[in-house]
Asker: 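First the structure, which I've put down as structure tokens, then a few questions once you've had a look.
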There are 2 protein chains.
Amino acid sequence: MARRRWLDKDEQTAWRAYLLTTQLVDEALDRQLQRDAQMPHAYYGILVRLDEARRQPGEGTLRMTDLARGLRYSQSRLTHAITSMEGSGWVVRRDCPTDRRSQLVAITEQGVAALADAAPGHVAAVRSAVFDQLTAEQVTQLGAICAAIVRGFEPTVTPPG
Amino acid sequence: MARRRWLDKDEQTAWRAYLLTTQLVDEALDRQLQRDAQMPHAYYGILVRLDEARRQPGEGTLRMTDLARGLRYSQSRLTHAITSMEGSGWVVRRDCPTDRRSQLVAITEQGVAALADAAPGHVAAVRSAVFDQLTAEQVTQLGAICAAIVRGFEPTVTPPG
DNA sequence: TCGTCGTTGTTGAGCACTCAAGCACTCGGC
DNA sequence: GCCGAGTGCTTGAGTGCTCAACAACGACGA
């Protein structure tokens with residue numbers, strides 16, 4: 001197998017540009033959210049998920065595990081994050097009535113408010129960092145490229161035999 | 001101005017895919033390097049830069065500031081990183097002969113060896129996570145997209161008047 | 001020579017994450 | 001009932017980052 005093959009020139013260029021891009025974008029968004037909404041980017045994502053769950057019919061809560069799987073966070077990471085966010089009053093934990101191991105999480109009114117406050121500035125930052133720089137065609141391309149990469153991480157079913 | 005404009009459907013899709021992609025790729029590379037080479041991804045990048053400097057004619061060293069600017073790291077981040085890497089024996093600090101504020105950094109033989117050990121596995125991980133999933137055309141597209149985003153972060157000269 | 005300002009680098013507190021370990025519970029077979 | 005494996009969540013140590021404050025030096029004009 002050709003596992004030791006190096007990156008060719010085009011790949012090198014693309015890779016370095018990719019690394020720099022993700023670093024710059026990540027830092028910009030994290031800094032903006034930390035400054036204007038006192039939360040790291042990861043917490044914003046958690047609030048978004050919980051807010052979406054709230055709008056669904058039913059409980060409006062999510063099990064820790066389901067939330068972690070949806071965000072692809074480790075259980076431990078989510079536990080630490082929720083503990084901190086509970087301290088900020090943005091979320092609450094509840095015991096699960098059907099499985100005593102599980103914990104349900106729900107966004108609070110305060111959390112909804114914090115998200116509503118943070119969203120406009122965050123979206124503006126995303127726009128100015130990313131979408132203002134790209135053509136509509138490039139947005140489509142970016143979506144396809146990322147989808148392909150994500151697909152590579154999905155567990156592949158090993159064929160029988 | 002239309003600063004409050006939301007993300008449209010295509011942008012939403014692309015953005016969520018982008019976030020998931022960077023998270024998955026970052027974690028995969030960090031984990032692989034941590035496991036196989038006992039270094040975080042950021043330290044790998046520092047070693048690469050210092051190794052490139054070593055191949056150049058001249059001192060083969062870089063000032064802390066120049067290294068930080070090249071990698072777009074904060075001074076503080078680099079100081080902490082170099083301190084830790086010096087503890088691992090991968091780099092050394094030297095006083096700058098022409099400016100007593102400055103510190104020069106050089107990669108050691110041990111650092112060169114650590115990088116040489118780490119490189120094949122790392123490149124394989126990059127390949128399997130990213131380039132194996134993309135067509136040649138997509139690699140070109142990705143390079144152009146990232147270059148455009150990076151350009152957006154470059155300081156723009158405000159025109160006189 | 002002096003004061004001032006910009007540059008260079010370090011420090012330490014605070015924080016979010018990882019990893020390994022552990023506790024409490026559920027489920028299924030006996 | 002009871003044991004074992006699997007699941008859900010938490011804990012705490014270790015680590016790398018940010019941010020603000022600071023110390024030391026260089027450059028330059030008065």
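We name chains A, B, ... by the order of the sequence lines, and we start the count at 1 in each one. Because the structure is a prediction, the values reported are computed rather than measured. Only this structure's heavy atoms are used, side chains among them; waters, hydrogens and symmetry mates stay out.
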Asker: Look at all strands and tell whether A:S74 reaches a base, only sugar-phosphate, or nothing, counting heavy atoms closer than 4.0 Å.
Answerer: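 It contacts sugar-phosphate atoms only.
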Asker: For A:R77 and C:dC17, is the shortest distance between a side-chain N/O and OP1 or OP2 below 4.0 Å?
Answerer: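 So the side-chain polar atoms of A:R77 do come within 4.0 Å of the phosphate oxygens OP1 or OP2 of C:dC17, strictly under.
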Asker: Whole angstrom is fine here: how far is it from CG in B:L78 over to C1' in D:dC17?
Answerer: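 The answer, rounded to whole Å, is 13 Å.
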Asker: Let me know the distance between CG of B:D30 and C1' of D:dT15, rounded to the nearest Å.
Answerer: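 Atom-to-atom, B:D30 to D:dT15, this comes out as 11 Å.
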Asker: Contact class for B:Y73 vs. all strands (heavy atom < 4.0 Å): base, sugar-phosphate, or nothing?
Answerer: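 The residue B:Y73 makes no contact with any strand.
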Asker: Confirm from the modelled atom types if A:S76 and D:dT11 form a donor-acceptor pair under 3.5 Å, side chain to base only.
Answerer: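 Answer is yes: a donor-acceptor pair is held.
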Asker: Can a side chain N or O of A:R100 be found less than 4.0 Å away from OP1 or OP2 on C:dA24?
Answerer: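 Checking A:R100 against C:dA24: no side-chain N or O falls below 4.0 Å of OP1 or OP2.
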Asker: Given D:dT10, is OP1 or OP2 found less than 4.0 Å from the side-chain N or O atoms of A:R93?
Answerer: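 Yes, within the criterion.
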Asker: For a quick check of understanding: with a heavy-atom distance under 4.0 Å over all strands, which category does A:Q103 fall into, base, sugar-phosphate or nothing?
Answerer: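 Counting heavy atoms under 4.0 Å across all strands, the contact made by A:Q103 is with sugar-phosphate only.
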Asker: Quick check for you: among D:dC9, D:dC17, C:dC25, whose closest atom lies nearest to any side-chain atom of A:M64?
Answerer: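 Selected nucleotide (nearest to the side chain): D:dC9.
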Asker: Expressed as a whole number of angstroms, how long is the span from B:L104:CG to C:dG9:C1'?
Answerer: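 One finds 12 Å between C1' of C:dG9 and CG of B:L104, rounded.
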Asker: Using heavy atoms to find the nearest nucleotide of DNA chain C for B:T83 and A:A42 separately, return the residue whose nucleotide is more 5′.
Answerer: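 Taking each residue's closest nucleotide, the earlier one in sequence belongs to B:T83.
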Asker: Considering only NZ, NE, NH1 and NH2 on the basic side and carboxylate oxygens on the acidic side, decide whether A:R35 and A:E27 come within less than 4.0 Å.
Answerer: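 Salt bridge between A:R35 and A:E27, a charged N being under 4.0 Å from a carboxylate O: no.
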Asker: Taking A:T108 for the side chain and A:W90 for the main chain, is one N or O donor matched with an acceptor at less than 3.5 Å?
Answerer: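 Between the backbone of A:W90 and the side chain of A:T108 there is a qualifying donor-acceptor contact (under 3.5 Å).
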Asker: For A:D99, report the nucleic acid contact type (base, sugar-phosphate, nothing); a contact means any heavy atom under 4.0 Å.
Answerer: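 Touches sugar-phosphate only.
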Asker: To the side chain of A:H80, which of C:dG9, D:dC9, D:dA13 is closest?
Answerer: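 Looking only at side-chain atoms, A:H80 lies closest to D:dA13.
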Asker: What residues, two or more places apart in sequence or in another chain, satisfy salt bridge (Lys or Arg N to Asp or Glu O under 4.0 Å) together with A:E86?
Answerer: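 If we apply the salt bridge (Lys or Arg N to Asp or Glu O under 4.0 Å) test to A:E86, skipping adjacent residues, the hits are A:R93.
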Asker: Tell me: CZ of B:R63 to C1' of C:dG9, nearest whole Å?
Answerer: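 B:R63 atom CZ is separated from C:dG9 atom C1' by 11 Å.
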Asker: Distance alone, cut at 3.5 Å: any donor-acceptor contact between the side chains of A:Q34 and A:D30?
Answerer: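 No, A:D30 and A:Q34 have no side-chain donor paired with an acceptor closer than 3.5 Å.
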Asker: Taking 4.0 Å as the cut-off, does a side-chain nitrogen or oxygen of A:R31 come that near to OP1 or OP2 on D:dC19?
Answerer: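 A:R31 to D:dC19 OP1/OP2: side-chain N or O found under 4.0 Å.
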Asker: If Ile, Leu, Val, Met, Phe, Trp and Tyr residues are connected whenever their side-chain heavy atoms lie under 4.5 Å apart, and connections chain through other members, are A:L47 and B:L19 in the same group?
Answerer: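 Shared cluster, no.
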Asker: Could you give the CD-to-C1' distance, from A:Q38 to C:dC15, as a whole number of Å?
Answerer: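 In whole Å, C:dC15 C1' lies 14 Å from A:Q38 CD.
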Asker: Nearest whole Å is fine: how far is D:dT10 C1' from A:M85 CE?
Answerer: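 About 18 Å, once rounded to whole Å.
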Asker: Using whole Å, what does the distance between atom C1' of nucleotide C:dC17 and atom CG of A:D26 come to?
Answerer: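 Value for this atom pair: 13 Å.
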Asker: Report the nucleotide, chosen from C:dT11, C:dA16, D:dC9, that has the shortest atom-to-atom distance to any side-chain atom of A:S84.
Answerer: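 The nucleotide sitting nearest to the side chain is C:dA16.
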Asker: Which nucleotide, C:dG9, D:dG16, D:dC9, lies nearest any side-chain atom of B:Q75?
Answerer: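 Selected nucleotide (nearest to the side chain): C:dG9.
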Asker: Please say which of B:L78, B:V91, B:L104 ends up in a side chain to side chain contact (heavy atoms under 4.5 Å, CB included) with B:L67.
Answerer: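 Between B:L67 and the candidates, side chain to side chain contact (heavy atoms under 4.5 Å, CB included) is satisfied uniquely by B:L78.
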Asker: Give the rounded distance in Å between these two atoms: CG of A:D95 and C1' of D:dG8.
Answerer: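 Whole-Å distance recorded here is 13 Å.
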Asker: Nearest to the side chain of B:R101 - D:dG8, C:dT11, C:dG6?
Answerer: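 Shortest atom-to-atom distance from the side chain points to C:dG6.
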